Amino acid sequence: MKINEDFFKQDAITVARELLGKVIVRTWDDGTESQYLVTETEAYYGEEDLACHASKGRTPRTEIMYAVGGHVYVYLIYGMYWMLNFVTGSKDHPEAVLIRGINHIKGSGKVGRELKIDKSFYGENLNLSARLRIEAGIAVTDFEVAPRVGIDYAGEIWKNKPWRFIAKFLQ
DNA sequence: TGCACGATCTCG
DNA sequence: GAGATCGTGCAT
């Protein structure tokens, strides 16, 4: 079952938590589908969040984060890994949720590789996409909260925000 | 027009 | 512990 299309209009922290246990459905070029349960996420919230790419303002790369929730934000990191994010919140307020883990797969770089994410997914609308959609999955009430990973440059305040969510099942 | 660096992973 | 590998943002 498809989720409410207003789901991604909530703030990034809420969406990151609620995304645990949801299902990412990937439709491949040959028409077959694969389903992945979301197990780990991170929230990036607003220009004031120094760990958020939008903290440097609107650029061609971050532009999509300023769109209303429900769009896909992807970017290349370390020249080899495509990171999958979902834009959240309202128009003109940059927020996104990074998918760090699905099923048994841990590590956001591996998530992008498993789902065959690339530049062409940038800006995709989840409510219209033929390749990617989110469906209601199982309720996750047992999860861990932790600081985000790999953002030492963001300074004490932002670096320590407990905006990483890890589902406790299947660990 | 050039350069340093990253929301990472894999292999020694 | 280092290398792979390249788009982005900022300095020239």
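In this text the structure is predicted, and so the values were computed from the model without any measurement.
- Note on A:Lys159 versus A:Asp49: no salt bridge recorded, every NZ/NE/NH1/NH2 to OD/OE distance being 4.0 Å or above.
- Side chain to side chain, A:His53 and A:Tyr73 meet the donor-acceptor criterion of an N or O pair below 3.5 Å.
- Remark: the backbone N or O of A:Gly101 is paired with a side-chain donor or acceptor of A:Thr39 at under 3.5 angstrom.
- Geometric assessment of A:Arg58 against the ring of A:Tyr66 yields a positive cation-pi assignment under the 6.0 Å and 45° thresholds.
- Judged by distance alone, the side chain of A:Asn85 and the main-chain N or O of A:Ala96 form no donor-acceptor pair under 3.5 Å.
- Looking at A:Glu42, its side chain never comes within 3.5 Å of a backbone N or O of A:Trp163 through a donor-acceptor pair.
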Dot-bracket for DNA chain B, 5' to 3', Watson-Crick and G-U pairs with both distances under 3.5 Å, [ ] for crossing pairs, | for partner on another strand, reads ||||||.||||.

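- With hydrogens and angles ignored, the 3.5 Å screen pairs no side-chain donor or acceptor of A:Arg113 with any backbone N or O of A:Tyr81.
- For the salt bridge (Lys or Arg N to Asp or Glu O under 4.0 Å) condition, the pairs that include at least one residue of residues 25-40 of chain A, sequence neighbours left out, are A:Glu33-A:Arg133, A:Glu40-A:Arg100, A:Glu40-A:Arg164.
- DNA chain B is contacted by no residue of residues 8-17 of chain A, taking any non-hydrogen atom closer than 4.0 Å.
- Comparing B:dA4 with C:dG3, their P atoms sit 16 Å apart, to the nearest whole Å.
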At under 4.0 Å between heavy atoms, how does the protein contact nucleotides 2-12 of chain B? Give one character per nucleotide, 5' to 3', with B, S or -.
----BBBSS--

Show me the side-chain donor-acceptor pairs of residues 9-18 of chain A shorter than 3.5 Å, one per line, residues at least two apart or across chains.
residue : atom : partner : partner atom : Å
A:Lys9  : NZ   : A:Asp6  : OD1          : 3.1
A:Gln10 : NE2  : A:Phe7  : O            : 2.9
A:Asp11 : OD1  : A:Thr14 : OG1          : 2.7
A:Asp11 : OD2  : A:Ile13 : N            : 3.2
A:Asp11 : OD2  : A:Thr14 : N            : 3.1
A:Asp11 : OD2  : A:Thr14 : OG1          : 3.3

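- Note that the first and last nucleotides of DNA chain C, 5' to 3', having any atom under 4.0 angstrom from a heavy atom of chain A are C:dA4 to C:dC10.
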Decide ring-ring contact (aromatic ring centres under 6.0 Å, His included) for A:Phe8 and A:Phe86; before the verdict, give the C-alpha distance in whole Å, the side-chain angles of both, and the deciding distance to 0.1 Å.
CA-CA 8 Å; A:Phe8 287 104; A:Phe86 298 135; 5.6 Å; yes

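- Aromatic ring pairs are classed by plane angle as parallel below 30°, tilted from 30° to 60° and perpendicular above 60°; the pair A:His93 and A:Tyr45 is tilted.
- A:Thr62 contributes no side-chain N or O that, together with a main-chain N or O of A:Met65, makes up a donor-acceptor pair within less than 3.5 Å.
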